[in-house]
Structure formats: C-alpha cells, structure tokens
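What you see is a predicted model, and the numbers here were worked out from it, not measured in a lab. Computed over heavy atoms, backbone and side chain alike; hydrogens, waters and symmetry mates excluded. The residues of the chain are indexed from 1 along the displayed sequence.
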Amino acid sequence: MKKIMLGNNRKLLAPALAVGCMRISEMEENKLISHIEGCMEMGLNFFDHADIYGGGSCEKQFGEAVKKAGIRREDMILQSKCGIVPGRMYDFSKDYIVASTEGILKRLQTDYLDILLLHRPDALCEPEEVAAAFDVLERTGKVRYFGVSNHNPYQIELLKKSVKQELIIDQLQFSIPFSNMIASGMEVNMLTEGAVDRDGHVLDYCRLNDITVQAWSPFQYGFFEGNFIGNKEKFPELNAEIDRQAEKYGVTPTGIATAWILRHPAKVQMIAGSTKLQRLKEMDAGSEIDMTREDWYRLYLASGHILP
C-alpha cells in the first residue's frame, strides 16, 4: 500500500487511500466487521467519518464493530468531521465543536481522534471561537491534528488568524471529470469555461502550505450526478481511454481512475467510499501504478478539458 505524509508531519504517515465510512450504516454487523478487518489486512488503516453520516449511526456501528473485532486503537487512524447541522445551518461555535467532538468520541468508543475536520465553511465563522475549541480539544488530548473540508484559501487564512494548530487537511471533491482546480490553472487568462476559478486556486495553495488534499467522490461527476466509470453514453471518450489504459497497466477501470488522482504531485489522499473489499483492492492496485505523464494528460483531455 502506497503511503503518504499528511501535511508536513513526518510522524503522520498514512495510506494513500482513506476508507470512507459514509455508507456503512447500510451494512449488517458481521459484514461490517469483516469489511474493517479486510481493510486492516490490506494496510488501509485510515478511516474517514463525519458526525452526520447516517445521523451518527455510522460512527456508532463502526465503534461497535471495532470493539467486537478486537482491533487495537493505536493501529488505526481515525478522522471525523463536524460543523453541519443537517437541513438547518453550519455551526463553528466553540460549544458546538467541542460537544460534537465529544459525541463523535462516544460513538466511536475512543478517547481521541487522530484528525478532526471542520465540515464545509460556516458563513458566521468566528476564528476566535474555532481557536478556543481547538485549544480545548488539543489540551484535553481529544484531538491530535486538525483540518478543514471544502474550504478555499482565504477561508483557511481567516482561520489561521486565530488558530495556532496547523491545519493539515483540506477535503475537496476531485475526480478526472471533476477537476476544475486543475483546469483553472491550465487555462489561465483564457475566455474558456475551464479558466473560471471556483476555488481560489486551492490546489496550489495547499501545495504551498503543506496541506494534504483529500479527494472525495473520486469516481463521481457533477454534484452527486453519478459515476463516470462505465458511463459510456455521457463519457464515451473518457471510458475508451480508461479501458485502453486498464488493459495496458493490467488493472481495472477503477484502478486507472485511482492512479490518475494519485499521480498528481500534490500527493493527494483519496477517500475510498466503497463498502466492497474487491473494489478497494482494485483501488489499491491502481495506487501502485506509475502512470506516465502522457497517459495522465490523455485522461485529462478525454474528460473534456483542453490544452490552450
């Protein structure tokens, strides 16, 4: 399993694939236990949660499964997210962040999180409140490292005005067709759709500031519109190129889509949300591919992007 360093922290070495836990509430207990054990055997010991996944049931079921499987806490890297009050608002107040984290720990049956992320930006965010919450969580040993999700550079800079802890993660949607944060840098100063900067050049910002980008929905296009792999009606050229490269590298199309993301020099960590071990094995195989520069660009162009 390919390993990467999270942020600029040499003590935090993690697999390039993080196991996403958003869908595990749909799994029976025995299957969930087998799933977690299978991930651990593959070296996939990084698990990504959020307090809203399954209304909290994902964390609760995961905690129970880990306990029954007898997996040692120190052998796992656990990450969760907070800040969304579903259907109502976002809340980055000190009391909400601390209370949410304590709820996460209780459901996961652990004393600490390795990483806590702020889950999407709060328009009413006060950096001093976030800083106070992070200080409490760090001082009490409940959270070791911190980061954000779906934040642009200036939102991160605003937090850094008061937050003393390093923000080592920014979790962002990223896939072959959903890659405007690459296109906007490629089509600089052009009157093209790809030139539209939708994120403040967050990819370059993260590279400059040693912030690891975690790619969510790596096989999706649009805003939860569907999977592009095998969708030959909407993405005929892309799937033809994926199939060609799958044969060339001896992996599945899922492996090729994984390799494309991990080939980027930003050293992205990909969130693998599948609950099927076989599909995770396909992603794992893709993580080992040394994709050529030409093949990376062939996929980029086949998805509809241009080279100005």
Side-chain angles (χ1 to χ4, degrees), residues 1-4 6 11-84 86 97-117 119 137-138 140-147 149 169 171 214 216-219 254 258 269-285 287:
M1 166 52 57
K2 180 179 180 181
K3 299 276 188 177
I4 63 170
L6 299 182
K11 296 180 181 179
L12 199 52
L13 197 65
L17 300 179
V19 181
C21 297
M22 186 172 70
R23 299 182 181 91
I24 64 172
S25 63
E26 304 167 3
M27 303 178 73
E28 296 177 0
E29 184 177 70
N30 289 339
K31 290 184 178 180
L32 177 55
I33 291 172
S34 296
H35 178 71
I36 296 171
E37 290 176 334
C39 290
M40 295 294 290
E41 289 172 5
M42 292 169 58
L44 300 178
N45 69 331
F46 189 113
F47 296 89
D48 173 66
H49 291 271
D51 59 356
I52 64 168
Y53 291 168
S57 65
C58 291
E59 291 172 333
K60 186 175 182 180
Q61 290 174 225
F62 184 90
E64 286 290 336
V66 168
K67 180 180 179 181
K68 291 183 179 180
I71 299 172
R72 299 190 310 168
R73 172 65 181 90
E74 57 267 32
D75 291 335
M76 311 177 82
I77 302 174
L78 297 183
Q79 170 179 283
S80 194
K81 302 179 284 292
C82 73
I84 298 179
I97 293 172
V98 172
S100 295
T101 303
E102 290 173 346
I104 290 168
L105 296 177
K106 182 178 180 180
R107 290 188 293 273
L108 289 175
Q109 300 189 39
T110 183
D111 295 328
Y112 68 96
L113 283 177
D114 292 285
I115 306 169
L116 175 69
L117 306 185
H119 203 176
L137 295 172
E138 182 182 53
T140 56
K142 294 177 180 178
V143 178
R144 294 184 171 179
Y145 303 100
F146 299 86
S149 175
I169 301 289
Q171 196 173 108
Q214 289 181 335
W216 61 269
S217 288
F219 309 118
T254 294
T258 299
Q269 185 183 39
M270 195 181 89
I271 307 294
S274 179
T275 57
K276 298 179 180 178
L277 284 176
Q278 179 55 43
R279 194 143 189 253
L280 291 175
K281 290 177 181 177
E282 294 174 13
M283 297 177 209
D284 186 18
S287 75

I'd like to check S274 versus M283 (side-chain heavy atoms, cut-off strictly below 4.5 Å). Are they in contact?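 Yes, close enough: below the 4.5 Å cut-off.
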Sub-4.5 Å side-chain heavy-atom contact between W216 and M22: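 Answer no - side chains too far apart.
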Among all residues two or more places apart in sequence or in another chain, which pass the side-chain hydrogen bond (donor to acceptor under 3.5 Å, both in side chains) test with [X]?
X	value
R23	none
T110	R73
E37	none

May I have all residue pairs that pass side-chain hydrogen bond (donor to acceptor under 3.5 Å, both in side chains) and include part of residues 60-69, sequence neighbours excluded?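 For residues 60-69, and leaving out neighbouring residues, the side-chain hydrogen bond (donor to acceptor under 3.5 Å, both in side chains) pairs sorted by first residue read E29-K68, E64-Q109.
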Tell me if a side-chain donor or acceptor on [X] pairs with a main-chain N or O of [Y] at a distance below 3.5 Å.
X	Y	answer
Q269	P15	yes
D114	L78	yes
K81	H49	yes

Within 6.0 Å of NZ in K3, more than 12 heavy atoms from elsewhere: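 More than 12 within 6.0 Å, yes.
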Neighbour count >12 (heavy atoms, 6.0 Å) for atom CG, D111: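 12 or below, so no.
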Could you list the donor-acceptor pairs under 3.5 angstrom formed between side-chain atoms of residues 98-107 and any protein atom two or more places apart in sequence or on another chain?
unit_1 : atom_1 : unit_2 : atom_2 : d
S100   : OG     : Y96    : O      : 2.8
T101   : OG1    : I97    : O      : 2.8
E102   : OE2    : K142   : NZ     : 2.9
R107   : NE     : E59    : OE1    : 2.8
R107   : NH2    : E59    : OE1    : 2.9

Pairs where residues 13-47 contributes a residue and the test ring-ring contact (aromatic ring centres under 6.0 Å, His included) is met, not counting sequence neighbours: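 Found F47-F62.
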